[in-house]
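What follows is a short report on a single structure.
Numbers restart at 1 for each chain; the letters A, B, ... are given by sequence-line order, proteins then strands. The model shown is predicted, which means the values in this text are computed figures rather than measured ones.
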Amino acid sequence: MNTPMTALPHPARFRRLSGPAGIGLLLALAYGLVPLVAGDYLLEAILTPFLALALAGLGLNLLVGYAGLLSLGSAAFMAVGAYAAFNLSLRVPGLPLPAAFLGGGLAAAAAGLVAGLPALRLRGFYLAVSTLAAQFFVAWALNRIGWLSNDSPSGVIGAPRLVLAGWSFEDARGRYAVSLVVVSLLTFAAWRLVRSPTGRDLVAIRDQETAARIVGVRVARTKLLAFALSSFVVGVAGVLWAFAYLRTVEPAGFNLDRSFQILFIVIIGGLGTLRGAFLGAGFIVVLPLVLSRLGAALLGDGFDSGTLEMVQRIVLGALIVAVLIREPAGLSALLDRLFTRLFDRPRRVPA
Amino acid sequence: MSPDVSFFVEVVVGGLLSGVMYALVAIGFVLIYKTSGVLNFAQGAMVLFAALTFVSLVERGLPVPAAFAATLAVMALVGLAVERAVLRPLVNQPPITLFMATLGVAYVIEGAAQLAWGTQVHALDLGIDDTPLEFGGVLVSRFDLVAAAIAGVLVAVLTLFFHTTRTGLAFRAVADDPLAALGIGLRLPRIWSAVWIASGVVALVAGLLWGARLGVQFSLSLVVLKALPVLVLGGFDSIAGAIVAGLIVGAAEKLAEVYLGPVIGGGIEGWFAYVAALALLLVRPAGLFGRRSVERA
């Protein structure tokens, strides 16, 4: 894949909204208003999974959108993060919660480093397919090696109590708060990263590997770094998924469909943009809810869950195709266009 | 032959024959990748759709030849529709976009197939008797032999088609250099349509054989996951590569299952093929039939 994956035009107007004022407003909403007004259902069943998936999308986007390396194994890194954090908090008594999160991320980064080794030889789809090795190997290992799940049948693990410095974060509001803090911190780190020299190296490799090599980018090292950094973020997202959202997870929850889901989030949201992961995750989380409500409203009782699942699959697939055809650069670019149309009306030149 | 040796030979032969089945799915990918540069993830969904349509028609009392003809027509239409509705509007988009679109298509086809025909498991009987044949103490599944023969005929037909007909020549021209092909007046859209129809037909053959083996159900669409390591090893653009890689992956997988599986805990067929393909690529970076560049791009 030598062609650049995305062109990233930023109309001036939208910048203003994703500038300090816009971000400040969003943070004020997320930290201030939402915990005040949102009910448990909204926090627990929508916002917490949204945050975890957005973080996973953010991590994958570092790899796919910025470094141009396609991975189909994100769910495996989520699983590594979740199971590593589980084992750490189980086997190290008194380990503070942030250390468990960090450990989960680091374990996932190590796994990503190993899974990224084929990137030194393979590119494009060959590389993408080789990341499936990680996907299937991790699922197998978690099922077969009893120690990893503390010998629970079929590898199911439960999250430890979310307690930090005597404060409990066990209720819906607390788990939302944990997710929000983790996601904010890592999003900030990712934002710093993509603007750092390392971030520029990633984009240089994506856009023109040979040219990047000539100007002195250490290509092999940077590719492996991209895998490690991306997997770290995805791994922490896995910890959130297991600890803050589901509370009990099994290896089957981190299957290929989950990997595709994360990839959908990135592509629908917009490759190579940080806000794309959030837009895509919002879309993926809300869509099934809208569809099931719509289905129940339209067809009433004749709409059983099996049919619903099939219809969801069809609509999701069709929407992905539609988004790609209408706007291959994703919702992020769609939003840009919308803002340009709303605010950048061509001014009339006086005659 | 001593029992150990004949058992070993049995495992290898069984592996080679199932490798042919992997190659059968892989060929559907190769046809499309060669001519339009798309890694068509929906190939597995098409395999499922074909098998499910055929079985459902037969169960509704259609005679087998009629059901086959009808399914053939449906698959040709599906291939054509995907090309027209999805790939055509995405011409000139980067490969990753096209790949994502085929993922979307896979979801649509899988959902539609099960919505139309239901989710229960169907048995598919092709009338091939599955008593093992014995060759000098080695037992070989008759079904696998017939399947391999059918795959062989399919490949022969495709090869003849590519090398003796004008359309086949046009296919190869497009695969070689789409711009030059366009420049000498080949109609690219028509060739793409033809190729998608062809891959629909390959999906039907693969679907019938795999369906008879595994039962016709959702997991049939997961045969793509068997074909992908074969493609990595053999190259996305080589039919010969797909076959040889299929044989290697099939044999290696069966051997590992029988001799390595008990040691490390069984159930390794999910990932072993991928690891084996990657290990082979480390030894032979150019792959089996890949162009002589050091890296696979």
So which part of B:Leu228 gets closer than 4.5 Å to some heavy atom of chain A, the side chain, the backbone, both or neither?
-> both
With side chain to side chain contact (heavy atoms under 4.5 Å, CB included) as the test, would you mind laying out the steps for A:Val321 and B:Val105 before giving the verdict?
-> CA-CA 7 Å; A:Val321 172; B:Val105 170; 4.1 Å; yes
Side-chain contact test, heavy atoms from C-beta onward, threshold under 4.5 Å: evaluate it for B:Val108 versus A:Val315 and give yes or no.
-> no
Check for a donor-acceptor pair, side chain of B:Tyr274 on one end and backbone N or O of A:Phe136 on the other, with a separation under 3.5 Å.
-> no
So A:Tyr126 and B:Phe236, would you call those rings parallel, tilted or perpendicular, with 30° and 60° as cut-offs?
-> tilted
Which bit of B:Leu115 comes within less than 4.5 Å of chain A, counting heavy atoms only: side chain, backbone, both or neither?
-> both
ring-ring contact (aromatic ring centres under 6.0 Å, His included) with A:Phe125: which of B:Phe41, B:Phe99, B:Phe29?
-> B:Phe99
Could you give the distance from CG (A:Leu70) to CE (B:Met100), rounded to the nearest 0.5 Å?
-> 9.0 Å
Could you look at B:Ala113 and say if it's the side chain, the backbone, both or neither that has a heavy atom under 4.5 Å from chain A?
-> neither
Let me know if B:Leu225 has heavy atoms under 4.5 Å from chain A in its side chain, its backbone, both or neither.
-> side chain
Mind checking whether B:Trp271 and A:Phe137 have parallel, tilted or perpendicular rings, split at 30° and 60°?
-> perpendicular
A:Ser130 versus B:Leu278, closest heavy-atom pair with distance | CB-CD2, 3.4 Å
